Amino acid sequence: MTTTATRPRTLGLLGSDPLRTALRLDAVVTGVNGAAYLAAAPLLTDLLGVPSGALRGLGAFLLVYAAGVALVAARPVISAGATEVVIGANLLWAAASVAAIVTGRFDLTAVGSTWVLLQAAVVVGFAVLQLSALRNR
């Protein structure tokens, strides 16, 4: 009788590793958000109340950050230290988002304030998923 080893099935982006999945989702969502800020900055300015130059800067930053998160996720063995940096950066982004509203950093519209808070909640969600997956490794 012969037995054959089978490789674990992966589901493309989602895969079978919860930490890798959480990091990849973070990278994709962050990258899409950054690209939207860059491509649609003039259109988003009136809607959100953020100057187009600031949106472009945030978009460029988010694209670079997304690439960094994607690199962390792409490593054969995901570094706990690198993951902790991503988690910390996500929490810092969420705190800065709330601070931008509280301090009136931008002349945000109601839609802009809602967007910033929703974005902060999503980023905190990524941090929680990543921390949970890291702890369960």
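Keep in mind that this is a model prediction, so the values were computed, not measured.
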> Got a list of side-chain donor-acceptor pairs under 3.5 Å for residues 67-88, not counting sequence neighbours?
residue, atom, partner, partner atom, Å
Ser79, OG, Gly81, N, 3.3
Ser79, OG, Ala82, N, 3.0
Thr83, OG1, Ser79, O, 2.9

> Restricting to non-hydrogen atoms, name the atom on Pro18 and the atom on Ala133 that form the minimum distance, rounded to 0.1 Å.
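Shortest heavy-atom contact: C-CB, 3.8 Å.
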> Under a single-linkage definition using a 4.5 Å side-chain heavy-atom cutoff for Ile, Leu, Val, Met, Phe, Trp and Tyr, are Leu131 and Leu129 assigned to the same hydrophobic cluster?
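The answer is no; the residues belong to distinct hydrophobic clusters.
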> Table please: side-chain donor-acceptor pairs of residues 32-45 below 3.5 Å, with sequence neighbours left out.
residue, atom, partner, partner atom, Å
Asn33, ND2, Gln119, OE1, 2.7
Tyr37, OH, Trp115, NE1, 2.8
Tyr37, OH, Gln119, OE1, 2.8
Thr45, OG1, Ala41, O, 2.9
Thr45, OG1, Val50, O, 3.2
Thr45, OG1, Ser52, N, 3.1

> With side chains defined as the heavy atoms from C-beta onward, is the minimum distance between Val116 and Leu108 less than 4.5 Å?
yes
> Do you know which two heavy atoms are closest between Ala54 and Phe106, and how far apart they sit?
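Where Ala54 meets Phe106 most closely, the heavy atoms are CB-CE2, 3.9 Å.
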> Would you compute the distance between atom CG of Leu23 and atom OG1 of Thr30 and round it to the nearest 0.5 angstrom?
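One gets 10.5 Å once the value is rounded to the nearest 0.5 Å.
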> Which value, rounded to the nearest 0.5 Å, describes the distance between Leu55 atom CG and Leu48 atom CG?
6.0 Å
> For Arg137, enumerate each residue passing the side chain to side chain donor-acceptor pair (under 3.5 Å) test, keeping only those at least two apart in sequence or located in another chain.
Asp17
> Under the side chain to side chain contact (heavy atoms under 4.5 Å, CB included) test, which residues partner Val98, sequence neighbours left out?
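Checked Val98 against side chain to side chain contact (heavy atoms under 4.5 Å, CB included); matches are Val102, Leu117.
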> Measure the spacing between CD of Gln130 and CG of Leu91 and express it to the nearest 0.5 Å.
9.0 Å
> So how far is it from Leu118 CG to Ser97 OG, rounded to the nearest 0.5 Å?
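Here the interatomic distance stands at 11.0 Å.
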> Applying a strict under-4.5 Å side-chain criterion to I, L, V, M, F, W and Y, I'd like to know whether Leu58 and Phe61 cluster together.
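Yes; tracing contacts between hydrophobic side chains, which count when under 4.5 Å, links both residues.
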> If two hydrophobic side chains count as joined below 4.5 Å and joins carry through other members, does Val122 share a cluster with Val124?
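Different clusters.
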> List the residues meeting side chain to side chain contact (heavy atoms under 4.5 Å, CB included) with Val29, not counting sequence neighbours, and say none if there are none.
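Listed in chain order: Phe126.
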> Using the side chain to side chain donor-acceptor pair (under 3.5 Å) rule, collect all pairs that involve residues 57-66, keeping only residues at least two apart or in two chains.
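Applying side chain to side chain donor-acceptor pair (under 3.5 Å) to every pair that reaches into residues 57-66, excluding sequence neighbours, yields Tyr65-Asn90.
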> Ignoring hydrogens, what is the shortest heavy-atom contact between Leu19 and Leu134? Give both atom names and the distance.
CD2-CD1, 4.0 Å
